[in-house]
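A quick write-up on the structure given underneath.
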2 protein chains.
Amino acid sequence: MPTTRSYRERCPIARALDAVGERWALLVVRELLLVPQRFSDLRRALPGASTNMLTDRLRELEARGIVRRRALRPPAASSVYELTGRGRELEPVIDALAAWGAGEPAPNDGSLTATSVLLFLRGSLRANPATPSLTVELALGDRIWTLGARDGEIEVAHDAPDAADATIRTDPETLNALVFDPGRLDAARAEGAAQVEGDVAGLRALLESAAVSARSLAGS
Amino acid sequence: MPTTRSYRERCPIARALDAVGERWALLVVRELLLVPQRFSDLRRALPGASTNMLTDRLRELEARGIVRRRALRPPAASSVYELTGRGRELEPVIDALAAWGAGEPAPNDGSLTATSVLLFLRGSLRANPATPSLTVELALGDRIWTLGARDGEIEVAHDAPDAADATIRTDPETLNALVFDPGRLDAARAEGAAQVEGDVAGLRALLESAAVSARSLAGS
DNA sequence: CCGCATCCGTTTCGATACTG
DNA sequence: CAGTATCGAAACGGATGCGG
């Protein structure tokens, strides 16, 4: 049964925590921030969450107008969960948490989802005004993403770009390592952990731009 | 016994929530954001939190380097809890939550602390670039605060200003109402809910500036 | 296989009472 | 004032089962 407890404060901070302060709630929002996901996608992304926990959180978030459930077109006997407009407004909260959390110690056995890495990469690039303009096609697992950097505006979308300057195929682990240490790019390519095509120098410069912010966040 | 569970993710968002995602943790940070507080101050500010809950959270936050316990000078047989530098870095998280939470429904029986109102007032003024420059002395309960607005820089401090343009003595409830509807200022003064001295017109303009942001936040 | 509902042991929460 | 002790209630976490 969904959780209903409240801090019973009129403070907006407490009200926000009443809505998304339950355990797992903000991680569900995080996973849905870049792309709608099915129940089983969320399970894979949040292996520590039990099924009934996920069901409860999704129901609560739906009841609060943060998440919406949408049926897929008839042939697919499934549905996806996606953020509502109100849910997307949580992005600044997620971004602030990511910036702060980068300074906390990481469990060395921790998992890492594609969404996590992409959000952190995006945040790092946004934090660096000198980020070069470039459109990158990112293939992580079986999903294709577009990373667009243009005049300091950084966007990540779950689709293939019309025209990519560079293409990289890798996994979240490797991409995360590259965000902190772009110097590993050649080693990752040699090991087969990453395949790169197109403007390799541009991609390298983009990663360097992210690394500047990423390292300063982690160091604080 | 303090909580030790973790999401076991290397995602910075999950790491942040590992540190401050437990129930009540961020409300403790909120209360300490503007001024160090004693245990009993926190109890009053968070009446829904049981004493052992507060003890647990304070110990955890202390262990994580977010809160520090400081003994007061000898005559006072007491100590205060205050944020560390790392703890103060949570301010953007708190601000983002406040901005989002203003759009959530408020329980009509909810309490409201001075800190809550001051943080929201500060956030509203910061969100409005047209905020007039003014120094206000704010007396809430038995505490004196300084609200300084200068060239768009808004600061709230727990002390008396060197020189105030205006002085207002009221309670958190009334101040919160004024942030949304400055038109009530005269009524509040007539009812004795607020006493104002000095540049009343300036204070009124400042409240109007806050109200513009406050209403747009609540309306979204 | 997907999306849940049910059951159950464990942890955390919340309220009250009590102590240095 | 600043906590500890205790205990029932709620939430969490994992396993299993069941209808599409």
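Order of the sequence lines sets the chain letters (A, B, ...), proteins ahead of strands, with each chain counted from 1. Excluded from the calculations below are hydrogen atoms, water molecules and symmetry mates; all remaining heavy atoms, backbone and side chain alike, are included.
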With sequence neighbours left out, write down each residue that passes side chain to side chain donor-acceptor pair (under 3.5 Å) with [X], or none if nothing qualifies.
X       : value
B:Ser50 : B:Asn52
B:Arg43 : none
A:Arg59 : none

Can you list everything that forms a side-chain contact (heavy atoms from CB on, under 4.5 Å) with [X]? Sequence neighbours excluded, please.
X        : answer
A:Ala177 : A:Arg184
A:Glu82  : A:Pro36, A:Arg68, A:Arg70
A:Ala19  : A:Arg64, A:Ile66, B:Trp100, B:Glu104

Summary of side-chain hydrogen bond (donor to acceptor under 3.5 Å, both in side chains) pairs that have at least one residue in residues 162-172 of chain A, sequence neighbours excluded: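 Applying side-chain hydrogen bond (donor to acceptor under 3.5 Å, both in side chains) to every pair that reaches into residues 162-172 of chain A, excluding sequence neighbours, yields A:Asp171-A:Thr174.
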Could you state the CG-C1' distance from B:Leu46 to C:dC13, rounded to the nearest angstrom?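 Going from B:Leu46 (CG) to C:dC13 (C1'), I get 15 Å.
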Rounded interatomic separation in angstrom, taking CG from B:Leu42 and C1' from D:dG3: 13 Å
Hey, can you pull the residues of residues 61-70 of chain B with a non-hydrogen atom under 4.0 angstrom from DNA chain D? B:Arg69
Counting primed atoms, P, OP1 and OP2 as sugar-phosphate and everything else as base, the B/S/- map of nucleotides 4-20 of chain D against protein heavy atoms under 4.0 Å is BBB----SSBBB-----
For residues B:Arg150 and B:Thr135, is any side-chain donor paired with an opposing acceptor at under 3.5 Å?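 There is such a pair (donor and acceptor under 3.5 Å, judged by atom type) between the side chains of B:Arg150 and B:Thr135.
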Considering heavy-atom distances to DNA chain C, does B:Arg43 or A:Arg44 have its closest nucleotide positioned more toward the 5' end?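 In this pair, the answer is A:Arg44.
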